[in-house]
Undergrad: 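This is the structure I have questions about; it appears just below.
Order of the sequence lines sets the chain letters (A, B, ...), proteins ahead of strands, with each chain counted from 1. Note that these values count all heavy atoms, side chains included, but never hydrogens, waters or copies made by symmetry.
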Number of protein chains: 2
Amino acid sequence: MTDRPYHHGNLRAALLAQAKRALREQGLDGLSLRELARQVGVSHAAPRRHFADRQALLDALAESGWERLGAEVRAAAARAGADYEARLCAAARAYVRFATRDAALLEVMFAGGQGRQVAPLQEAAARAFSVLVELIKDGQASGVLERGDPERMALLLFATTQGIAALVNAGIVAPKRLDRLVSDASARFLRGSRTLA
Amino acid sequence: MTDRPYHHGNLRAALLAQAKRALREQGLDGLSLRELARQVGVSHAAPRRHFADRQALLDALAESGWERLGAEVRAAAARAGADYEARLCAAARAYVRFATRDAALLEVMFAGGQGRQVAPLQEAAARAFSVLVELIKDGQASGVLERGDPERMALLLFATTQGIAALVNAGIVAPKRLDRLVSDASARFLRGSRTLA
DNA sequence: ACCTGAACACCGTTCAAGT
DNA sequence: ACCTGAACACCGTTCAAGT
């Protein structure tokens with residue numbers, strides 16, 4: 001930190017932090033390993049010690065993205081209080097908020113497939129998904145939601161919120177229509193899955 | 001066509017056709033203008049006459065992708081016959097089928113936003129979306145679906161199918177779970193939007 | 001009107017060599 | 001154990017010049 005020592009000290013963390021910034025400001029196409037190295041003040045070959053290639057850095061970004069997404073959705077649901085519809089809506093809102101504010105990061109998170117199978121990444125995504133599964137189980141326990149495989153139901157919720165975010169990020173749906181769309185989705189999901197009184 | 005004349009004749013169409021192949025085989029990252037030119041047998045600067053830059057070619061691909069998606073969904077619904085749930089399910093199935101078979105093309109189609117606003121592209125997406133709107137209106141006309149803004153309802157259907165495709169393409173959901181997921185989504189959408197008898 | 005060839009400024013990746 | 005510098009093979013984009 002004093003005078004640019006030969007060893008950066010925590011190059012890996014510095015690269016990841018800078019990459020997150022660049023992703024927000026320039027998008028995925030604008031993310032270059034060489035520029036990252038430049039901005040962090042290190043030679044263009046230095047990142048190689050910490051990330052085998054560009055994709056390895058993207059995988060690391062995706063993994064931490066899934067962690068943060070799961071945490072934000074869980075926190076939003078917890079903050080929303082006791083009413084189940086409010087919690088469901090808050091969770092969905094937190095998801096699309098994350099997904100539309102960090103659109104490029106979401107892109108990286110969803111580029112996981114493509115032939116490759118990266119175990120730590122899949123597991124991180126599964127942990128985020130489990131937040132939704134727990135939410136469904138709560139609804140079932142409190143009698144608001146019908147019985148049935150909670151994973152199957154959570155998958156529909158996941159898909160719907162992800163789809164809404166994709167439509168907005170693609171410019172197909174205007175951002176100002178986002179809130180009502182999320183409310184619609186929550187209400188309809190609840191109505192389609194509510195215990196038949 | 002005889003002996004590689006100086007003028008290719010229909011370079012634009014040839015580039016687009018080759019690009020579609022490359023997209024399927026190599027993915028979006030593997031799509032290079034220079035390689036396309038090589039494969040078509042033309043100098044690397046020739047595409048410039050027909051596409052201002054790489055993005056312009058991607059926009060053209062996206063536009064024709066939306067046209068084809070709309071046509072396939074419409075055709076699938078028509079083929080499904082009279083039962084409304086079957087038509088809804090067939091439409092959703094056609095969407096995710098397209099989206100998972102041409103995952104890279106879907107990526108291009110959904111990369112539309114990102115600051116840019118490309119009018120012909122937005123209009124092509126809107127035309128594809130209108131197929132779903134018509135499907136909703138049919139459901140309302142036949143009394144299966146409740147009244148209400150058909151665009152709002154179609155948007156939810158659009159988001160859900162797109163989200164399901166994204167989950168599969170990202171490797172988060174196994175392809176073999178696709179069919180049941182689509183059935184679940186259709187059934188639940190219908191149940192959440194059915195006229196209360 | 002359409003295409004070529006050379007040139008420019010960028011990449012990601014590799015590898016011997018330095019500290 | 002970590003980083004540098006030069007090198008390689010690729011890009012997209014531009015522009016004068018050719019047919």
Undergrad: Check whether any side-chain N or O of Arg48(A) sits under 4.0 Å from OP1 or OP2 of dT14(C), and answer yes or no.
TA: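 Indeed, a polar side-chain atom of Arg48(A) lies that close.
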Undergrad: Quickly work out the Leu36(A) CG to dT13(C) P distance and round it to whole Å.
TA: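 Distance check: Leu36(A) CG to dT13(C) P gives 13 Å.
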Undergrad: What is the distance, rounded to the nearest whole Å, between atom CG of Leu15(B) and atom C1' of dC2(C)?
TA: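 One finds 13 Å between C1' of dC2(C) and CG of Leu15(B), rounded.
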Undergrad: Spell out yes or no: do the side chain of Arg34(A) and the base of dT13(C) have one donor N/O and one acceptor N/O closer than 3.5 Å?
TA: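 Yes, a donor-acceptor pair under 3.5 Å.
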Undergrad: Whole Å only: how far is the CG atom of Asp53(A) from the C1' atom of dT13(C)?
TA: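 About 9 Å, once rounded to whole Å.
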Undergrad: Let me confirm one number: the OG-CG distance from Ser64(B) to Leu121(B), rounded to the nearest 0.5 Å.
TA: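 Those atoms lie 10.0 Å apart.
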Undergrad: Looking at dC3(D), I'd like to know if its phosphate oxygens (OP1 or OP2) sit under 4.0 Å from a side-chain N or O belonging to His44(A).
TA: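 For His44(A), the contact criterion (side-chain N or O under 4.0 Å from OP1 or OP2 of dC3(D)) is not met.
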Undergrad: Report the base-pairing partner of dG12(C) (Watson-Crick or G-U wobble, both distances below 3.5 angstrom), or none.
TA: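 In the structure as shown, dG12(C) has dC8(D) as its Watson-Crick or wobble partner.
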Undergrad: Going by the angle between their ring planes, with limits at 30° and 60°, are Trp66(B) and Phe110(B) parallel, tilted or perpendicular?
TA: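 Tilted, since the angle between the ring planes falls between 30° and 60°.
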Undergrad: Salt bridge or not between Glu25(B) and Arg21(B)? Use side-chain N to carboxylate O under 4.0 Å.
TA: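 Looking at Arg21(B) together with Glu25(B), the answer is no, because their closest N to O distance does not fall below 4.0 Å.
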Undergrad: Expressed in angstrom and rounded to an integer, what is the separation of Asp29(A) atom CG from dG12(C) atom C1'?
TA: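 Rounding to the nearest Å, CG of Asp29(A) and C1' of dG12(C) are 15 Å apart.
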Undergrad: What integer distance in Å separates Leu33(B):CG from dC10(D):P?
TA: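 Rounding to the nearest Å, CG of Leu33(B) and P of dC10(D) are 16 Å apart.
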Undergrad: With the threshold set at 4.0 Å, does a side-chain nitrogen-carboxylate oxygen contact exist between Glu146(B) and Arg191(A)?
TA: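 Between Arg191(A) and Glu146(B) there is a salt bridge, with a charged N closer than 4.0 Å to a carboxylate O.
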Undergrad: What's the closest nucleotide to the Ser32(B) side chain, out of dC11(D), dG5(C), dC3(D)?
TA: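 For the Ser32(B) side chain, the nearest candidate turns out to be dC11(D).
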Undergrad: Using atom CZ of Phe51(B) as one end and atom P of dC3(C) as the other, report the distance to the nearest whole Å.
TA: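 So the CZ-P distance, Phe51(B) to dC3(C), works out to 12 Å.
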Undergrad: Hey, is the side chain of Arg49(B) pairing donor to acceptor with the base of dT4(C) inside 3.5 Å?
TA: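 Answer no: no donor N or O sits under 3.5 Å from an acceptor.
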Undergrad: Are any non-hydrogen side-chain atoms of Leu36(B) and Leu57(B) less than 4.5 angstrom apart?
TA: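 In short, these two side chains touch, coming nearer than 4.5 Å.
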Undergrad: Please name the nucleotide paired to dA17(C) by Watson-Crick or G-U wobble geometry with both distances under 3.5 Å, or report none.
TA: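 Its partner is none (no Watson-Crick or G-U wobble pair with both distances under 3.5 Å).
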Undergrad: dC3(C) C1' sits how many Å from His8(B) NE2, rounded?
TA: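 Result: 12 Å.
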Undergrad: Nearest-nucleotide wise, let me know which of Arg54(A) and His50(B) is further upstream toward the 5' end of DNA chain C.
TA: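 Here His50(B) is the residue nearer the 5' end.
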Undergrad: Ignoring backbone atoms, establish whether Arg38(B) has a side-chain N or O less than 4.0 Å from OP1 or OP2 of dC11(D).
TA: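 So the side-chain polar atoms of Arg38(B) do come within 4.0 Å of the phosphate oxygens OP1 or OP2 of dC11(D), strictly under.
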Undergrad: Which whole-number value in Å describes the distance from Gln55(B) CD to dT13(D) C1'?
TA: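 Atom-to-atom, Gln55(B) to dT13(D), this comes out as 15 Å.
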